[in-house]
2 protein chains.
Amino acid sequence: MRLFHEQGYGATGVAQILKEAEAKSGSLYYYFPAKEDLLLAVLEQYKKIMKPALMAPVFERYEDPLDQVFGLLEKYRDMLIKTNCTLGCPIGNIALELADRHEEVRRLCGENFDNWKSAVGQCLEEAGDHLRPDVKVGELASFFLTVMEGGIMQARAYRSIEPFDAAIASLKDYVNHLLKNNARPVQQSSARD
Amino acid sequence: MRLFHEQGYGATGVAQILKEAEAKSGSLYYYFPAKEDLLLAVLEQYKKIMKPALMAPVFERYEDPLDQVFGLLEKYRDMLIKTNCTLGCPIGNIALELADRHEEVRRLCGENFDNWKSAVGQCLEEAGDHLRPDVKVGELASFFLTVMEGGIMQARAYRSIEPFDAAIASLKDYVNHLLKNNARPVQQSSARD
DNA sequence: GTCTATAACTCGATAGAC
DNA sequence: GTCTATCGAGTTATAGAC
């Protein structure tokens with residue numbers, strides 16, 4: 001899981017996996033008939049842990065559903081900062097590297113994205129009272145994913161957090177335009193965090 | 001250029017390049033000492049042709065600068081449609097695959113992004129009269145790139161144009177919020193095209 | 001400058017002993 | 001189930017003839 005995230009699937013050799021896992025090829029291939037099966041298992045694992053390991057801790061820290069959503073984006077920002085803007089979203093990486101060639105991989109990336117958007121969409125539903133009635137929650141959740149993935153890509157390409165922060169700032173600005181007039185606006189910068 | 005775009009850098013073997021180019025290894029390595037030098041040349045080539053080959057034809061078709069920008073996005077949509085949502089942005093692909101490992105590659109991806117945003121930013125400057133005075137053109141241009149790249153990623157992961165179209169629709173909605181009240185809004189769907 | 005042949009190495013995967 | 005040894009194909013790159 002870690003190596004695929006850090007280096008990508010193709011660039012990670014089975015030999016390195018065996019070395020860092022302190023396992024032998026016989027053992028690995030007994031459980032995973034091919035390298036690709038290992039990737040599928042990794043993607044299944046991401047599906048399993050996304051909500052309990054990634055979202056739950058964030059959602060517990062905030063009451064307001066919009067704070068929860070932007071707190072989630074902050075998690076990805078933390079990862080960029082910690083890795084000097086080298087590590088991106090593990091699903092997005094795999095999707096761009098392999099979605100065209102391995103249908104099963106593509107499907108699992110889609111399911112991970114679905115779960116991500118479903119969780120974000122749920123927050124937006126809860127914030128529905130503060131949103132203008134014509135706002136389509138599903139499309140907005142999809143837009144959150146789009147902006148996050150695009151922001152991560154630029155952060156990695158520039159090896160700088162700046163374009164990611166700019167993307168989130170624009171997203172917050174947009175969300176504020178979608179709020180009813182009497183709603184408390186989403187704060188720029190870390191004032192809300 | 002084509003093979004790196006279709007398959008990625010790592011997944012494209014020198015042997016395949018030689019075969020499809022009908023060249024022999026001796027010739028290739030005479031001009032490009034290593035495979036990576038070929039990639040650098042490809043990225044330089046993208047820098048060269050981006051404006052004359054990609055942007056100029058679009059910008060000629062439209063008078064209104066906002067039409068020009070969204071016409072450019074439509075070009076990427078065309079590519080997704082033509083390839084059944086398998087081919088993405090060549091620069092974004094390379095950036096996510098190699099930005100962490102090859103500093104020179106990363107720098108060239110950044111320069112390609114810079115040029116893209118500079119061209120989009122110029123359009124936005126020209127549309128400045130219709131934009132609210134507090135709109136920061138540079139940040140908005142960066143947001144266009146973010147949304148486009150994120151939209152392409154989702155389109156490829158779902159092998160469907162729908163999430164891309166949804167992303168562009170949200171972006172248009174946002175831009176309309178940034179327009180002065182007397183400005184003609186950007187049209188959703190193909191009404192403007 | 002371009003050719004053929006191949007070196008030197010890594011890749012994913014397997015066979016067979018234990 | 002796990003081990004060692006290794007297969008065969010594919011990789012990037014080079015040497016040397018022309």
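Chain A is the first sequence line, chain B the second, and so forth, proteins listed ahead of strands; every chain is numbered from 1. Only this structure's heavy atoms are used, side chains among them; waters, hydrogens and symmetry mates stay out.
Geometrically, B:Lys35 engages B:Tyr9 in a cation-pi contact, judged by NZ or CZ lying under 6.0 Å from the ring centre and within 45° of the ring axis.
The CG-P distance, from A:Leu38 to C:dC11, rounds to 15 Å in whole Å. Rounding to whole angstrom units, NE2 of residue A:His102 and P of C:dG12 are separated by 12 Å. Distance, B:Gln7 CD to D:dT11 C1': 15 Å, rounded to whole Å. Remark: P of C:dT4 and CG of B:Leu18 are 11 Å apart, rounded to the nearest angstrom. Summarising the geometry, the separation between OH on A:Tyr31 and P on D:dG1 is reported as 5 Å, rounded to the nearest angstrom. One atom, CD of B:Glu22, and another, P of C:dG1, lie 21 Å apart when rounded to the nearest Å. Rounding to whole angstrom units, CD1 of residue B:Ile17 and P of D:dT11 are separated by 11 Å.
The phosphate of C:dT14 (OP1 or OP2) has no side-chain N or O of A:Tyr30 nearer than 4.0 angstrom.
Under a 3.5 Å cut-off, the side chain of A:Asn93 and the backbone N or O of A:Gly8 do not form any donor-acceptor pair.
Partners of A:Tyr158 under the side-chain hydrogen bond (donor to acceptor under 3.5 Å, both in side chains) rule, at least two apart in sequence or in another chain, are B:Asp114, B:Lys117.
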Pair B:Tyr174, B:Phe144 - check ring-ring contact (aromatic ring centres under 6.0 Å, His included), show working.
CA-CA 11 Å; B:Tyr174 178 45; B:Phe144 268 80; 8.9 Å; no

Before you tell me yes or no, could you show the steps for A:Glu139 and B:Ser170 under side-chain hydrogen bond (donor to acceptor under 3.5 Å, both in side chains), namely the whole-Å CA-CA distance, both residues' side-chain angles and the distance that decides it to 0.1 Å?
CA-CA 8 Å; A:Glu139 282 186 21; B:Ser170 295; 4.8 Å; no

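The side chain to side chain contact (heavy atoms under 4.5 Å, CB included) test with B:Tyr76 is passed by exactly one of B:Ile81, B:Leu87, B:Leu54: B:Leu54.
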Strictly under 4.0 angstrom, non-hydrogen atoms only: write out the protein contact profile of nucleotides 12-18 of chain D, one letter per nucleotide from the 5' end, B, S or -.
SBB----

